Amino acid sequence: MKKIINDPKRVVDESVAGFAAAHADLVRVEYDPIFVVRADAPVAGKVGLVSGGGSGHEPLHAGYVGYGMLDAAVPGAVFTSPTPDPILAATKAVDGGAGVLHIVKNYTGDVLNFETAADLAAAEGIEVRAVVTNDDVAVKDSLYTAGRRGVAGTVLVEKIAGAAAQRGDSLDEVAAVAERVNANARSMGLALTPCIVPHAGEPSFTLAEDEIEIGIGIHGEPGRERIKLEPADRLVDRLLDPILDDLPFGSGDRVLLFVNGMGGTPQLELYLAYRRAAEALGERGIEIARSLVGNYITALEMQGMSITLLKLDDEMIQLWDAPVQTAALRWGR
Amino acid sequence: MKKIINDPKRVVDESVAGFAAAHADLVRVEYDPIFVVRADAPVAGKVGLVSGGGSGHEPLHAGYVGYGMLDAAVPGAVFTSPTPDPILAATKAVDGGAGVLHIVKNYTGDVLNFETAADLAAAEGIEVRAVVTNDDVAVKDSLYTAGRRGVAGTVLVEKIAGAAAQRGDSLDEVAAVAERVNANARSMGLALTPCIVPHAGEPSFTLAEDEIEIGIGIHGEPGRERIKLEPADRLVDRLLDPILDDLPFGSGDRVLLFVNGMGGTPQLELYLAYRRAAEALGERGIEIARSLVGNYITALEMQGMSITLLKLDDEMIQLWDAPVQTAALRWGR
Amino acid sequence: MGLDITWAVDWVRRSAETVAEHRTRLIALDREIGDGDHGENLDRGFQAVLPKLDDLAAGSTPGDVLKLVATTLISTVGGAAGPLYGTAYLKGAMAAGSATSLDGPAIAAVLTAARDGIVARGKAESGDKTMVDAWTPAVEAADAEAASGADARTVLEAAASAAEAGAEATEPLVARKGRASYLGERSAGHRDPGAESSALLLRAAADAAVAAAGD
Amino acid sequence: MGLDITWAVDWVRRSAETVAEHRTRLIALDREIGDGDHGENLDRGFQAVLPKLDDLAAGSTPGDVLKLVATTLISTVGGAAGPLYGTAYLKGAMAAGSATSLDGPAIAAVLTAARDGIVARGKAESGDKTMVDAWTPAVEAADAEAASGADARTVLEAAASAAEAGAEATEPLVARKGRASYLGERSAGHRDPGAESSALLLRAAADAAVAAAGD
Ligand SMILES: Nc1ncnc2c1ncn2[C@@H]1O[C@H](COP(=O)(O)OP(=O)(O)O)[C@@H](O)[C@H]1O
Ligand SMILES: Nc1ncnc2c1ncn2[C@@H]1O[C@H](COP(=O)(O)OP(=O)(O)O)[C@@H](O)[C@H]1O
Ligand SMILES: [Mg+2]
Ligand SMILES: [Mg+2]
Ligand SMILES: [Mg+2]
Ligand SMILES: [Mg+2]
């Protein structure tokens with residue numbers, strides 16, 4: 001295992017400390033229990049947005065704390081949901097009197113720990129709502145399973161709901177727009193290489209030089225299918241087709257096209273993939289109204305990418321375009 | 001070789017096409033010869049800034065084309081300087097009547113090709129000045145060698161000179177501030193893994209599971225020294241010490257601390273490294289006035305990082321803080 | 001002869017020991033069909049419980065020990081296993097009440113409450129390839145022994161053996177809950193890490209009971 | 001007997017062929033002490049020259065062919081080798097002038113001008129571990145042969161052999177110019193890719209002269 005780390009047990013603490021030092025203008029960090037919070041929190045009268053989950057997906061979530069997006073991020077150990085204590089502490093720290101929205105990726109651990117924290121916060125008189133993101137079409141959904149994973153769509157939910165909160169929407173309104181974004185977002189990912197969790201020290205799976213995993217999540221877990229490496233355009237189609245069929249997306253739709261890197265794939269390749277995705281959408285008469293390309297939700301050093309489509313409406317576009325000032329997403333101020 | 005590409009010969013063209021499609025609000029692309037230019041170029045009366053070099057360092061340089069930074073970027077083949085033709089074409093495309101500054105990283109190929117283009121542009125009546133960046137302390141400098149490489153300091157030169165041009169400085173003034181940034185910037189890098197040039201298909205060097213290269217550049221070339229992997233804090237010190245000694249930097253200096261990822265290293269590790277770098281500067285009484293952490297100048301999927309220190313003065317801080325709107329660096333608008 | 005506070009404390013110590021010993025194996029199981037953190041998470045949790053055992057007030061009951069484990073796991077483990085085991089120990093503690101000694105039926109009741117807590121929280125059914133597949137046979141075996149008048153040690157022996165068999169029986173299953181469910185058919189052929197750790201914890205309880213009997 | 005346009009065109013074709021054939025080896029050499037693109041760059045350049053040969057006007061001279069190679073390499077190769085080889089062919093073309101046939105001394109003059117162009121552009125000295133270390137011995141050998149009255153074919157044979165020896169002799173050197181200089185002492189023990197490609201190109205020139213003599 002080759003990593004720029006000291007003690008594997010201190011990876012998250014030390015990295016968060018570096019993040020806080022580099023972005024002292026945007027955030028501060030509480031250490032016991034650990035969470036990252038907007039420098040000016042709580043913002044009086046504003047709905048507070050809290051997200052969190054296992055570490056290793058950077059810039060998610062701490063990179064999205066700031067004006068117009070999250071009020072706090074709660075980092076767990078690598079790929080491990082945080083416990084209720086820091087979620088509760090973060091919830092209290094961002095409560096400006098208008099209630100708090102939890103944005104939770106759909107994993108059993110995240111859901112259960114956020115649930116407990118929400119119960120505890122409610123017991124202390126804070127109004128909490130939760131939105132559970134589940135945009136991953138690689139997972140077959142059913143009443144009898146854990147359901148779909150929350151993946152890259154979560155970034156879009158955080159930006160758009162964050163803008164709604166920033167303009168003064170109520171908790172119900174912010175939760176509603178977050179739900180709407182999640183309901184209109186679909187993602188799918190692939191991996192060329194596995195990643196190595198620091199405390200595990202070994203890759204999550206092994207792949208031959210010509211093999212890739214299709215339908216992966218963001219935790220270094222194997223995907224649904226192992227196939228031979230194919231040209232980029234074909235790989236893009238393999239991700240895009242199930243996404244398009246699922247919502248479904250069709251001619252005349254306006255979308256946000258989001259090509260996300262898993263952490264170890266260079267931008268050169270992400271933009272090359274974007275080219276084909278844009279072409280394929282064009283062929284179907286789907287209009288790309290907004291784009292996002294880069295490493296926005298990752299699985300440590302994994303090489304691979306995911307594609308997300310979000311079907312936009314006017315309000316979503318307006319909220320997407322609204323100013324945001326975070327370490328990882330910034331425009332308009 | 002595992003990459004999200006189609007034909008290795010078309011990697012740069014297809015990626016640039018994707019970049020142009022994703023950022024049509026910021027840039028347009030000319031294809032024959034290929035270069036990326038600000039959507040509103042030429043800006044009348046403004047000094048035009050052109051940079052370029054081999055591809056594979058993304059977001060450098062196309063990611064820095066836009067308001068307040070570069071006017072054009074000229075991408076060569078992967079790790080290969082572009083030829084004079086596209087440099088000349090880009091120079092003509094951004095000439096707003098106030099002259100054009102070439103920002104050239106110090107590599108024989110880049111210097112020679114930009115030189116030829118500048119001669120040709122001068123012959124067409126365009127005033128061209130060149131600033132050659134050479135911030136890499138890993139390379140021993142001497143009159144008899146090719147000199148130091150231009151590496152991460154180039155990003156800082158482009159931002160600060162770009163802001164000077166944007167506020168209306170003359171060609172001489174913009175060149176002077178670019179030279180001043182270069183003269184006050186020092187960098188050094190290390191690699192945990194090599195990278196693979198698409199047309200080569202094989203790694204540039206091989207490293208054992210416990211070995212790293214110290215003093216690498218950004219072209220997948222081996223460094224000056226191969227050592228055993230060490231804890232992150234020790235690695236940071238290994239990069240920082242020669243940087244500090246070289247300028248030298250000392251107590252009371254205000255600096256910009258830039259921890260750059262080589263492409264395949266996750267943010268988690270970069271911020272962890274930043275923590276130690278900030279601590280080490282603090283121990284020496286050096287004030288970190290500004291920071292930058294992320295993948296800003298890369299070597300494809302290489303795992304590793306570089307550290308850059310820039311000694312700041314008031315004007316540099318003001319120009320650093322000035323609004324910038326590019327694909328990869330954006331604030332203030 | 002019932003099991004008292006000494007047993008409960010010993011169970012926790014043995015739990016921490018067996019989890020540490022099998023940490024790497026649990027990580028490896030979780031890497032195959034999950035995200036490779038189960039052994040690390042549980043190890044962190046039980047290591048956090050150990051120092052707190054020294055602070056237990058005089059006159060503490062087995063129920064107090066279980067509650068201490070519950071709250072510590074909840075606040076240190078995270079992931080799916082943290083809340084699920086936390087709930088299990090919490091409900092077990094409630095079933096144990098303030099009794100100073102637990103006989104066969106009481107132990108069976110504790111295990112039943114723990115299992116019910118896991119099911120209530122995680123909504124998994126038998127056969128979903130989760131820790132429930134270790135707990136449910138364990139509870140059934142414990143109930144049967146308790147009904148036939150067995151002592152606490154025998155009840156725990158039966159539960160541990162049934163949990164071990166249950167964990168092994170998860171191997172051919174296709175997961176329907178937890179991370180392994182994302183793999184679909186590819187989850188078959190691997191043992192569920194949570195079922196395995198459940199078996200380890202119940203074996204630790206039985207071993208502690210044997211040691212207590214030997215006192 | 002002098003070398004005419006047929007020889008010049010044949011040289012270019014043989015150059016393209018030998019560069020394509022040794023593309024992978026040149027890449028490998030450049031990977032060891034550079035950035036692994038030399039074979040790719042040169043191959044791209046010479047492949048771009050080939051179709052242009054068909055468009056040469058009737059009555060073109062060897063100098064016209066060299067100029068065509070120069071401008072094409074400059075606008076397609078990039079990197080260090082593009083401008084350096086471009087300058088070499090450009091200066092060579094100027095030395096060839098409008099002669100329709102090049103004898104021994106004329107060939108030696110072309111090679112000298114080419115080498116001088118590389119040195120003027122790249123500022124490398126002998127022993128810096130660059131293509132100059134192939135060109136300088138080649139020029140010296142060519143001059144010596146030309147001075148002793150040898151014909152063009154013999155001059156080129158001598159130049160090619162000297163370039164090959166010069167390329168081989170770069171192996172122990174520590175680089176002071178080009179990318180290999182960044183490696184410091186670690187550049188020793190590897191052959192310079194540009195010196196190697198220079199030897200290939202000069203061997204192609206000699207082979208073309210042999211073929212022309214056989215006409
Ligand atoms: N819904 C559920 N009900 C019961 N047990 C579950 C459920 N989801 C997951 N588990 C158990 O949790 C174990 C995984 O725990 P762990 O690896 O610590 O958490 P995570 O999956 O969050 O990484 C699985 O092996 C399984 O036994
Ligand atoms: N200053 C120089 N003078 C002469 N030859 C040089 C000089 N710098 C580099 N070279 C030659 O160029 C070769 C490398 O060419 P190439 O790989 O195509 O360019 P780059 O180094 O830009 O990748 C080296 O092997 C060396 O022979
Ligand atoms: Mg986990
Ligand atoms: Mg090159
Ligand atoms: Mg797990
Ligand atoms: Mg090269």
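Basis for what follows: all heavy atoms, side chains included, without hydrogens, waters or symmetry-related copies. Bear in mind that the values here come from a model prediction, so they are computed numbers and not experimental data. The chains referred to below are lettered A, B, ... by the order of the sequence lines, with proteins before strands, and numbering in each begins at 1.
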**Report entry** B:Ser15 portion near chain A, given a 4.5 angstrom heavy-atom threshold
**Finding:** both

Requested in this report: Would you name the heavy atoms of B:Ser291 and A:Ala22 that are closest together and state the gap between them?
Outcome: CB-O, 3.9 Å

**Report entry** Matching residue for B:Leu272 among A:Val16, A:Val12, A:Ile5 - test: side-chain contact (heavy atoms from CB on, under 4.5 Å)
**Finding:** A:Ile5

**Report entry** Under 4.5 Å from any heavy atom of chain B - which part of A:Leu229
**Finding:** side chain

Report task. Can you check whether anything in residues 57-66 of chain A gets within less than 4.5 Å of chain B, heavy-atom wise, and list it by number? Result -> A:Glu58, A:Pro59

Report summary line: Okay, A:Gln303 and chain B: the region with an atom under 4.5 Å from a heavy atom over there is side chain

**Report entry** Interface moiety of A:Val78 toward chain B, non-hydrogen atoms closer than 4.5 Å
**Finding:** side chain

Report summary line: Between the CG atom in A:Leu268 and the CD atom in B:Glu301, the distance rounded to the nearest 0.5 Å is 10.0 Å

Query raised in the report: Is it true that A:Tyr274 and B:His23 have ring centroids separated by less than 6.0 Å?
Result: no

Query raised in the report: Looking only at heavy atoms, what is the nearest atom pair of A:Gly332 and B:Arg330, with distance?
Result: N-NH2, 4.4 Å

Report task. Determine the minimum heavy-atom distance between A:Ile4 and B:Ala273, stating which atoms define it. Result -> CG2-CB, 4.3 Å

**Report entry** chain B contact via A:Asp210 - which portion, at a heavy-atom distance below 4.5 Å
**Finding:** backbone

Requested in this report: Identify which part of A:Leu270 has an atom lying under 4.5 Å from any heavy atom of chain B, answering side chain, backbone, both or neither.
Outcome: neither

Query raised in the report: Tell me, side chain or backbone of A:Arg333 under 4.5 Å from chain B's heavy atoms, or both, or neither?
Result: backbone

Query raised in the report: How close do B:Arg275 and A:Glu14 get, heavy atom to heavy atom, and via which atoms?
Result: CD-O, 3.5 Å

Requested in this report: For side-chain contact (heavy atoms from CB on, under 4.5 Å), just list the numbers for A:Asn6 and B:Arg276, CA-CA rounded to whole Å, side-chain angles, deciding distance to a tenth of an Å, and then say yes or no.
Outcome: CA-CA 10 Å; A:Asn6 298 301; B:Arg276 169 60 197 159; 6.0 Å; no

Query raised in the report: If you count heavy-atom pairs under 4.5 Å between each of A:Met302, A:Gln325, A:Met305 and chain B, which one has the most?
Result: A:Met305

